[in-house]
**Student:** 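Before I ask anything, let me first share the structure, which is written out below as structure tokens.
Everything numeric here is computed off the predicted structure, so don't read it as measured data. In what follows, chains carry the letters A, B, and so on, assigned in the order in which the sequence lines appear, proteins first and then strands, with residues in each chain numbered from 1.
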Amino acid sequence: MSEILAELLFPHIKTLPADMEARYPARDLPEGAKVTRFAPSPTGFVHFGGLFPSTVGERLAHQSGGVFYLRIEDTDAKREVEGAAEGLIRTLATYGIHFDEGAILDGEGKISYQGAYGPYRQSERAEIYQTYAKQLVREGKAYPCFTTEEELDELSQVNKKEELKNTDWQAEAEARRAEMLARRNFTIEEVEEHLKAGHPFVIRILADGDEDKKVKFTDLIKGNMEIPENDEDFVLLKSDGIPTYHFAHAVDDHLMHTTHVIRGEEWLPSLAKHLQLFRYLGFRTPKYMHIAQIMRLDEAGNKKKLSKRDMGANMDDYTRMGYCPEAVCEYVMTLLNSNYEEWHMQNPDKPYTDFPFNIKKMSTSGCLFDFDKLNDVSKNIISRMDAKSVTEKVTAWALAFEPDFGKALAADPAFAESIFAIGRGGAKPRKDLATWADAKGYMGFFYDEYFTVEDAYPEKFARDDIRSILEKFTETFDMADDSNTWFAKIKDIAADAGFAADMKLYKQNPEQYKGSVADVSMFLRVAVTGKMNSPDMYSVMQILGRDRVLARVGAMINSL
RNA sequence: GGCCCGGUGGUCAAGCGGCUAAGACACCGCCCUUUCACGGCGGUAACACGGGUUCGAUUCCCGUCCGGGUCACCA
């Protein structure tokens, strides 16, 4: 009967599983090489959570001399977003994630496919899935189901989106189970009738599991666990002949010879289904790695899965905020491998790709996204860059997200570079920038159009004192002075005005002075930079040049 | 609600039967210093709870509690 049924349902499928096996021979790879994949559905942007499994897959494959490929899981036409796949690939590439095989972007930014295990787009693999589905029907492990979605919905008395009460859940489960068992009882004649009438159908698995029995399973990250066997006749092939995730996963990862399936832990609950499928199909199960989810804090202070609406979920957010990809990658590494930071401290100059990624060092519990930590990682990375690349990167970012400022930077790259060179390059470089967006606040005052006096002088200083100090400065200022001479003059000015020139002496007897040379410097700083805090004043003045320094100081004098 | 996963400072985390329970970020203080940044030194702060097992539990087992995930012709 099963043979007849299989022909009835899939008259157009002439291929057999053996044909497929022949089409996808084992990969010729060295011992220990891992084959991993990233398998997103093209429904939108790359999620921060998606960067985790893809980074792990990429590292594991490339570290072992294996293959990392991209498979597009476009089995749900309803949710597909135009151009999402291209965007996905492009975004991943900016984070250093490149694929050896599968969907790849050509020079024009269009998708092309590479590799001998394709098609890499699931919507183009219908014949393959149907070949296996037919085989399962033939073997009595799957069957057609003509119950429509609408009928199924009626069975559910409650809306899934809503919070369900205890009894509702039970009623729901019982109703579904009863219906499922009833669906199994069909005759060939009934099937023929439905088919003749053109009724759509899905192919369901004939589950042989017992919910009360447990399957032992070892996850490479989570360790040993026991899960109940699957007893649910879940859908294999949807009514359009396209598989569900579960079925596509089993067939594709088998044929494409994936060795390690890396995915988020939200897949753990459906693992029993997959195990059952691999057994039914006679496939060897791959190794599984279920990665803990990234969380965020909600208003009530509870951890929540980072969802697409959240700040920092969309990878494009980081570009917008001005984070450099290296920082994000490194931050991800610190979360992924607990010994990464230690390694990095010992090897500060090596790229993270040199780090020996270790599955055993992966966390089993979900972590909270921490911008403080990201900023710290980022500051360190930027502080180690040379002035030229910082200038280029800040300019590129600003041109895209703050065009006016970007144009100002781009107008004179050498000038901008000299600014970013302040305090850079030594053993203890300044760490002022966590993002490119921080640049404007840090050094915008170098540009007249972004120069504003933000801080006022404290009340305790007499305006007359400040004015005469600034006037003296104007008289003695000489661009040719070296740093020491320049500061010696400031000290003299301070002393003449009744301010302590020596900080030690001032601290011993502060009441003997109107203030200190620190205050005098501050008068100048506010006049020249508009702020109480700034990088080294001598460097600032050297870069600003005589005219602008004197103009700003002059303007300040006039305003007092 | 069933099932699954998890629970060491505010965050990320070492630990894998015996430790004054590492380290990083954040925070606070001090030092350096003309401000800031950097750097140095120091500090506050943790094994969810209750039972076992054991000479001895953060570590092993059970229960409770808490948090998360999941229960589709979505992935």
Side-chain angles (χ1 to χ4, degrees), chain A residues 39-43 73-76 78-79 145 147-149 152-153 156 160 163-170 172-173 176 200-204 211 219 222-223 225-228 232 234-240 242-246 248-249 263-272 290 292-293 295 297 302-305 331 334-335 338-339 341-342 344-345 361 363-377 379 383 422-423 426-433 442 487 490-491 494 501 503 516-522 524-526 529 531-538:
Chain A
S41 61
T43 53
E73 308 231 327
D74 58 343
T75 54
D76 187 7
K78 290 189 284 288
R79 297 201 315 154
C145 170
T147 315
T148 63
E149 269 183 277
L152 243 30
D153 284 347
S156 314
K160 285 196 187 53
E163 185 78 15
L164 296 184
K165 295 215 173 59
N166 182 9
T167 49
D168 293 336
W169 274 111
Q170 260 160 18
E172 163 106 6
R176 280 182 163 268
F201 64 92
V202 300
I203 300 294
R204 286 178 184 275
E211 204 188 18
D219 182 272
K222 299 263 180 190
M225 59 183 81
E226 286 192 351
I227 50 177
E232 187 193 333
F234 60 94
V235 172
L236 262 25
L237 242 37
K238 298 184 254 186
S239 52
D240 58 3
I242 297 297
T244 55
Y245 169 86
H246 311 298
H249 154 54
R263 45 151 65 154
E265 68 180 343
E266 70 271 21
W267 287 107
L268 234 26
S270 46
L271 188 62
H290 288 94
Q293 296 280 293
M295 315 286 238
L297 242 33
N302 291 322
K303 284 186 179 182
K304 278 269 148 26
K305 180 171 151 181
Y331 175 55
T334 67
L335 294 179
S338 57
N339 57 335
E341 282 192 86
E342 194 188 348
H344 185 249
M345 277 188 267
K361 290 292 182 180
S363 176
T364 52
S365 53
C367 61
L368 227 41
F369 189 94
D370 185 3
F371 269 105
D372 280 332
K373 186 72 182 179
L374 205 213
N375 287 339
D376 180 64
V377 169
K379 279 184 179 178
S383 75
I422 299 174
K428 299 171 186 174
R430 296 185 64 95
K431 296 177 180 174
D432 303 287
L433 270 35
Y442 167 64
F487 194 54
I490 306 281
K491 281 184 165 184
M503 287 306 288
S516 72
V517 68
D519 298 314
V520 172
S521 296
M522 181 264 286
L524 273 174
R525 176 169 290 110
V526 171
T529 71
K531 300 189 294 187
M532 296 285 259
N533 305 323
S534 80
D536 175 58
M537 279 306 290
Y538 177 76

**Student:** Between B/A26 and B/G69, how far apart are the two C1' atoms, rounded to whole Å?
**Tutor:**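 It comes out at 29 Å once rounded to the nearest Å.
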
**Student:** For RNA chain B, which ranges pair as stems of 3 or more consecutive Watson-Crick or G-U pairs, with both donor-acceptor distances under 3.5 Å?
**Tutor:**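 The stems that RNA chain B takes part in, listed by first number, are B:1-7 with B:65-71, B:10-12 with B:23-25, B:27-31 with B:39-43, B:48-52 with B:60-64.
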
**Student:** Atom pairs under 3.5 Å, N or O on each side, protein against nucleotides 36-40 of chain B: can you list them with distances?
**Tutor:**
| residue | atom | partner | partner atom | Å |
| --- | --- | --- | --- | --- |
| B/C36 | O4' | A/Asn533 | OD1 | 3.4 |
| B/C36 | O2 | A/Arg430 | NH1 | 3.3 |
| B/C36 | O2 | A/Arg430 | NH2 | 2.4 |
| B/C36 | O2 | A/Ser534 | O | 3.2 |
| B/C36 | N3 | A/Arg430 | NH1 | 3.1 |
| B/A37 | O2' | A/Lys431 | N | 2.9 |
| B/A37 | O2' | A/Lys431 | O | 3.4 |
| B/C38 | O2' | A/Lys428 | O | 3.1 |
| B/C38 | O2' | A/Pro429 | O | 3.2 |
| B/G39 | OP1 | A/Lys431 | NZ | 2.8 |
| B/G39 | O2' | A/Lys428 | NZ | 3.3 |

**Student:** Taking side-chain hydrogen bond (donor to acceptor under 3.5 Å, both in side chains) as the test, write out the residues that go with A/Asp432, two or more places apart.
**Tutor:**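 Residues passing side-chain hydrogen bond (donor to acceptor under 3.5 Å, both in side chains) with A/Asp432: A/Arg430, A/Tyr442.
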
**Student:** By side-chain contact (heavy atoms from CB on, under 4.5 Å), which residues pair with A/Ser363, not counting sequence neighbours?
**Tutor:** A/Ser365

**Student:** Please name all residues satisfying side-chain hydrogen bond (donor to acceptor under 3.5 Å, both in side chains) with A/Glu266, sequence neighbours left out, ordered by chain then number.
**Tutor:** A/Gln293

**Student:** Output a table of nitrogen or oxygen pairs between the protein and nucleotides 64-68 of chain B separated by less than 3.5 Å.
**Tutor:**
| residue | atom | partner | partner atom | Å |
| --- | --- | --- | --- | --- |
| B/G68 | OP1 | A/Lys303 | O | 3.0 |
| B/G68 | OP1 | A/Lys304 | NZ | 3.2 |

**Student:** Under the ring pair (Phe, Tyr, Trp, His ring centres under 6.0 Å) test, which residues partner A/His246, sequence neighbours left out?
**Tutor:** A/Phe234, A/His274

**Student:** With sequence neighbours excluded, tell me which residues meet side-chain contact (heavy atoms from CB on, under 4.5 Å) with A/Lys531.
**Tutor:**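 Result, side-chain contact (heavy atoms from CB on, under 4.5 Å) vs A/Lys531: A/Phe445, A/Glu454, A/Asp455, A/Thr529.
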
**Student:** Got a sec, which residues hit side-chain contact (heavy atoms from CB on, under 4.5 Å) with A/Val377, two or more places apart in sequence or on another chain?
**Tutor:** A/Glu330, A/Ile381

**Student:** Over all strands shown, is A/Met503 touching base, sugar-phosphate only, or nothing at heavy-atom distances under 4.0 angstrom?
**Tutor:**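 Since only primed, P, OP1 and OP2 atoms lie under 4.0 Å of A/Met503, the category is sugar-phosphate.
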
**Student:** A/Asp240: what forms a side-chain hydrogen bond (donor to acceptor under 3.5 Å, both in side chains) with it, not counting sequence neighbours?
**Tutor:**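 With neighbours one apart ignored, the set is empty.
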
**Student:** Can you name the residues that form a side-chain contact (heavy atoms from CB on, under 4.5 Å) with A/Ile227, not counting sequence neighbours?
**Tutor:** A/Val215, A/Leu271, A/Ala272, A/Leu275

**Student:** Mind checking ring pair (Phe, Tyr, Trp, His ring centres under 6.0 Å) for A/Phe487 and listing every partner two or more places apart, or none if nothing turns up?
**Tutor:** none

